[in-house]
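To keep things clear, I will list the structure first and then write my remarks on it.
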There are 4 protein chains.
Amino acid sequence: VTEAFWRTGIGRVRPNEILVRGYDLTELIGNRSFGDVTYLLLSGELPDGNEGRMMDALLVAAVEHSLVAPSVDAARFVASAGVPLQAAVAAGVIGMGEHHGGAVDAAARMLVAASESGRPDDEAASEACRGLRKEGRRLPGFGHVVHDPDPRAGRLFEVAGELGFRGRWCALAEAFEQATEEAFGRRLRMNVDGAMAALLLELGLDPGLGKAFYVIGRSPGLVAHVFEEQTRERPYRDIGWENVEYEGPDPRPLEEERG
Amino acid sequence: VTEAFWRTGIGRVRPNEILVRGYDLTELIGNRSFGDVTYLLLSGELPDGNEGRMMDALLVAAVEHSLVAPSVDAARFVASAGVPLQAAVAAGVIGMGEHHGGAVDAAARMLVAASESGRPDDEAASEACRGLRKEGRRLPGFGHVVHDPDPRAGRLFEVAGELGFRGRWCALAEAFEQATEEAFGRRLRMNVDGAMAALLLELGLDPGLGKAFYVIGRSPGLVAHVFEEQTRERPYRDIGWENVEYEGPDPRPLEEERG
Amino acid sequence: VTEAFWRTGIGRVRPNEILVRGYDLTELIGNRSFGDVTYLLLSGELPDGNEGRMMDALLVAAVEHSLVAPSVDAARFVASAGVPLQAAVAAGVIGMGEHHGGAVDAAARMLVAASESGRPDDEAASEACRGLRKEGRRLPGFGHVVHDPDPRAGRLFEVAGELGFRGRWCALAEAFEQATEEAFGRRLRMNVDGAMAALLLELGLDPGLGKAFYVIGRSPGLVAHVFEEQTRERPYRDIGWENVEYEGPDPRPLEEERG
Amino acid sequence: VTEAFWRTGIGRVRPNEILVRGYDLTELIGNRSFGDVTYLLLSGELPDGNEGRMMDALLVAAVEHSLVAPSVDAARFVASAGVPLQAAVAAGVIGMGEHHGGAVDAAARMLVAASESGRPDDEAASEACRGLRKEGRRLPGFGHVVHDPDPRAGRLFEVAGELGFRGRWCALAEAFEQATEEAFGRRLRMNVDGAMAALLLELGLDPGLGKAFYVIGRSPGLVAHVFEEQTRERPYRDIGWENVEYEGPDPRPLEEERG
């Protein structure tokens with residue numbers, strides 16, 4: 001192992017001492033909220049304002065959505081098969097993919113690109129929407145299969161207003177919502193991912209951290225679902241052979257084995 | 001990193017050379033079957049008889065069971081969320097828990113314990129069955145929710161007979177099936193896990209490797225299901241809010257925030 | 001799918017409405033801390049006192065331990081191989097096993113058993129310690145490879161005192177520490193897992209939720225490490241062939257293939 | 001759940017019957033090799049020639065590479081933390097990312113694109129190489145950190161020749177190797193991923209299945225490593241605090257908590 005094969009700017013452990021981004025972990029415990037410390041880990045600095053409270057709000061927004069999420073459904077199947085709690089949660093976490101939380105990252109990059117175009121918000125948003133429309137692609141962070149509007153989006157912006165984070169990125173996201181009507185023929189309301197994307201940028205975080213709100217924020221929900229599955233349901237959940245429609249080849253005989 | 005922090009008896013890599021348990025990997029490629037090499041990895045030695053063909057049969061027995069398995073169902077939910085193929089497969093693999101493949105390990109240990117009792121097979125089996133019955137526990141490797149009998153079990157024993165592996169462990173497993181009638185009030189037929197347990201021991205493998213047949217053998221099935229989900233179905237599968245029955249507290253107002 | 005195949009007491013989703021244990025999620029966002037809502041998900045009820053702040057302290061205690069943890073090391077290897085952020089985090093989460101966070105669950109059950117013995121704390125603790133010692137087993141939640149004492153344990157108890165949670169379970173855990181000297185020949189100091197176990201019980205949570213503090217609390221640390229690996233290090237980290245000591249069979253020729 | 005919410009062309013389960021792509025699983029067991037059945041699952045059809053033997057060779061080529069792979073290293077860390085065998089294997093499988101097996105998919109697409117250009121192999125390859133070079137991107141499937149040449153690549157092509165699969169895709173891949181000298185200033189030898197990419201196409205499989213050889217083929221290696229870790233090494237492997245270089249902020253005091 002070469003020198004500094006393992007190096008990190010995140011934390012340091014020595015006997016009887018744990019440092020997190022320069023702060024003594026024991027001082028953080030009990031003095032700083034989970035949102036504050038999450039912000040510290042992701043940004044490198046402790047909040048000097050309401051960033052921690054905004055972080056808490058963002059994490060709570062992601063905390064639970066019943067069984068209406070691939071991650072939760074997967075975690076419950078895995079939990080039913082008899083595995084340790086953390087392993088079933090992990091199966092759910094894997095599922096926070098491009099289509100399940102991934103829109104935060106994508107929407108944030110879209111907002112950054114629109115901003116860097118140097119054009120007024122409404123023009124930049126219209127152009128971006130028309131471009132996606134032409135390519136037949138979806139607008140990340142807008143529209144929702146179940147909710148219209150997604151109540152979490154409006155509430156997050158409300159809280160952002162109270163805490164001082166309803167700035168230019170929120171305004172730009174709203175311009176995108178405005179622009180959808182013309183580009184897509186109907187108003188696509190901002191969903192929770194779109195609101196998270198704007199607030200990620202308001203907090204000064206990297207778009208590449210877009211999935212963090214789900215990965216961290218949904219973890220209590222996943223723990224609760226796995227625990228419920230393992231304590232209230234019978235083991236071994238499967239979809240049931242009667243409920244599967246087989247569309248493959250009809251039964252066919254195996255030819256004689258090759259000689 | 002201390003000396004020999006990383007050490008292994010499994011393989012060695014040097015520039016332009018890969019050794020597997022002492023054999024040159026390039027010689028194994030094309031000269032030995034996947035079953036042979038799997039046996040080499042798990043036992044430490046290449047087959048000197050039909051072990052590789054028996055291994056192939058055991059892996060094929062585990063290869064596919066439609067959507068009637070928690071691992072496959074979980075993998076398809078995760079796949080639908082937009083993740084790389086291997087990550088969705090991994091979510092399924094996590095789910096090969098105590099109740100989904102875990103019976104191979106448990107049944108093999110049960111057979112070993114019965115054998116070590118030194119008593120005749122039928123007596124040892126009867127006593128073990130009665131003991132489980134008294135404790136209200138299930139007999140690992142016998143009985144199946146869908147199949148009665150599980151066609152894979154009989155076929156594996158048939159193949160074992162052809163290949164020379166239908167020995168004492170198979171006989172002992174059959175004694176257990178015999179003993180179920182008296183102990184449980186009905187005949188519990190040996191299932192695929194029970195047959196795998198006996199054949200694991202016939203192959204001289206450690207009971208702790210019981211899940212290997214599923215982990216390795218089901219992997220092509222999982223790959224096929226993930227690929228099918230991602231190429232034939234729409235993204236983001238969830239169970240649908242209309243299909244979830246909520247049993248929690250009725251809607252209740254949030255009290256005023258603590259002062 | 002049979003009726004109520006999917007049911008849950010955790011949350012309900014309907015168009016434009018998300019309920020968590022009876023509360024409207026939009027009301028929770030911005031009004032309740034992440035610790036409060038985590039407590040709600042795990043216990044079923046919102047805190048009526050300081051439970052949420054205690055939860056925050058427990059989660060912060062688990063948030064980061066540099067690369068001195070199997071979960072973090074695994075996540076960084078996986079991250080280096082080029083996978084989405086959440087998938088690398090999940091690899092780390094899987095690793096929160098029996099020896100890495102699992103002691104919270106085990107220690108909590110031990111405390112409950114000692115309490116149910118009906119004997120005075122010191123006697124119950126002594127007996128339990130002697131029992132483990134006799135069986136050659138380790139005392140879960142006491143002793144640490146790096147820290148002596150583990151600074152997180154003392155700090156958690158200090159915060160618990162401030163918030164009103166330093167009750168009987170904390171006292172019992174301290175009795176165990178006292179008892180180690182006689183039973184094990186040296187004082188094994190309570191570590192962070194032991195303190196978490198006592199506080200889990202003070203919060204009225206189920207021992208089966210012992211890993212929740214790590215699964216939830218370490219998630220920001222895992223996100224930070226994965227992000228750091230993917231943005232600061234070169235792809236494809238492996239241990240290096242020069243650093244692996246091979247202990248397997250010497251090179252040996254492949255026999256002729258079976259005819 | 002709507003009708004045909006769950007549907008599949010892969011397999012059908014009914015009581016006492018398991019169908020795989022139309023074939024009775026019990027007939028496949030013992031009559032067809034694991035390579036044959038893997039080919040059936042991935043392509044939809046049983047081999048009518050040597051496809052199964054080629055598949056076996058491809059899987060064996062991926063089976064083991066000591067600890068010189070992120071997947072194996074991750075799996076061993078996770079295994080050391082005390083989790084079930086399949087969960088530790090899954091952590092490794094997650095790690096078969098873009099930089100660890102992902103080149104098979106990428107190289108196969110590159111070969112397809114070159115072929116579709118309609119130009120002679122050498123011209124198409126030269127142009128593709130120059131294009132990548134200009135964009136500063138790596139050529140997927142060529143060059144290796146440890147091996148030069150990668151012995152698995154040559155051996156796979158040799159076996160392909162024996163089995164009748166050394167066709168146009170292999171020739172095209174060789175044209176790419178030829179073209180590297182001019183475009184990159186040194187000969188980049190085809191590695192195992194490049195050879196797999198060509199043979200994936202020779203077998204008529206979809207480039208999207210490129211990772212299958214690793215996901216399936218490495219599984220016995222991962223099982224062996226996890227088992228070795230759990231039976232031969234002490235629990236809880238971490239990198240050791242002395243071996244981590246901390247590059248973060250110097251110790252700094254926590255400011256007074258916000259009022």
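Numbers restart at 1 for each chain; the letters A, B, ... are given by sequence-line order, proteins then strands.
- A salt bridge between D/Glu233 and B/Arg7 is present, with a side-chain N of the basic residue lying under 4.0 Å from a carboxylate O of the acidic one.
- A donor-acceptor pair is defined here as one N or O able to donate and one able to accept, closer than 3.5 Å; such a pair exists between the side chain of D/Asn16 and the backbone of B/Asp148.
- Contact annotation for D/Leu42: only side-chain heavy atoms (C-beta onward) come within less than 4.5 Å of a heavy atom of chain B.
- Using a 4.5 Å cut-off between heavy atoms, D/Leu67 contacts chain B through its side chain alone, with no backbone atom that close.
- For D/Asn191, no part sits under 4.5 Å from any heavy atom of chain B, backbone or side chain.
- Side-chain atoms of D/Gln230 come within 3.5 Å of backbone atoms of D/Ala79 as a donor-acceptor pair (strictly under, hydrogens ignored).
- The candidate with the highest count of non-hydrogen atom pairs below 4.5 Å against chain D, out of B/Ala61, B/Pro84, B/Gly35, is B/Ala61.
- Proximity to chain B (any heavy atom under 4.5 Å) is shown, for D/Val63, by both the backbone and the side chain.
- Side-chain contact, D/Glu228 with B/Thr8: a donor N or O sits under 3.5 Å from an acceptor N or O.
- Using a 4.5 Å cut-off between heavy atoms, D/His144 makes no contact with chain B at all.
- A tilted orientation is assigned to the rings of B/Phe5 and D/Phe77, their planes being inclined by 30° to 60°.
- With a 4.5 angstrom heavy-atom cutoff, B/Glu17 touches chain D only via backbone atoms.
- With a 4.5 Å cut-off on non-hydrogen atoms, D/Arg234 does not touch chain B at all.
- Interface residue B/Asp206: only side-chain heavy atoms are found under 4.5 Å from chain D.
- Only the side chain of B/Arg21 comes within contact range of chain D, judged by heavy atoms closer than 4.5 Å.
- For B/Val13, the parts lying near chain D are the backbone and the side chain together; criterion is any non-hydrogen pair under 4.5 Å.
- Looking at B/Arg12, the atoms closer than 4.5 Å to chain D (heavy atoms on both sides) all sit in the backbone: N, CA, C or O.
- Side-chain atoms of B/Arg218 come within 3.5 Å of backbone N or O of B/Ala62 as a donor-acceptor pair.
- Both the backbone and the side chain of D/Glu64 come within less than 4.5 Å of a heavy atom of chain B.
- B/Ser43 places a side-chain N or O within donor-acceptor distance of the main-chain N or O of B/Glu45, the cut-off being under 3.5 Å.
- Heavy atoms closer than 4.5 Å to chain B are found in both the backbone and the side chain of D/Val93.
- For a residue to count as touching a neighbouring chain, one of its non-hydrogen atoms must lie under 4.5 Å from one of that chain's; by this rule D/Val37 touches chain B with the side chain only.
- Ranked by heavy-atom pairs shorter than 4.5 Å toward chain D, the options B/Gly102, B/Gly95, B/Ala87, B/Pro151 are led by B/Pro151.
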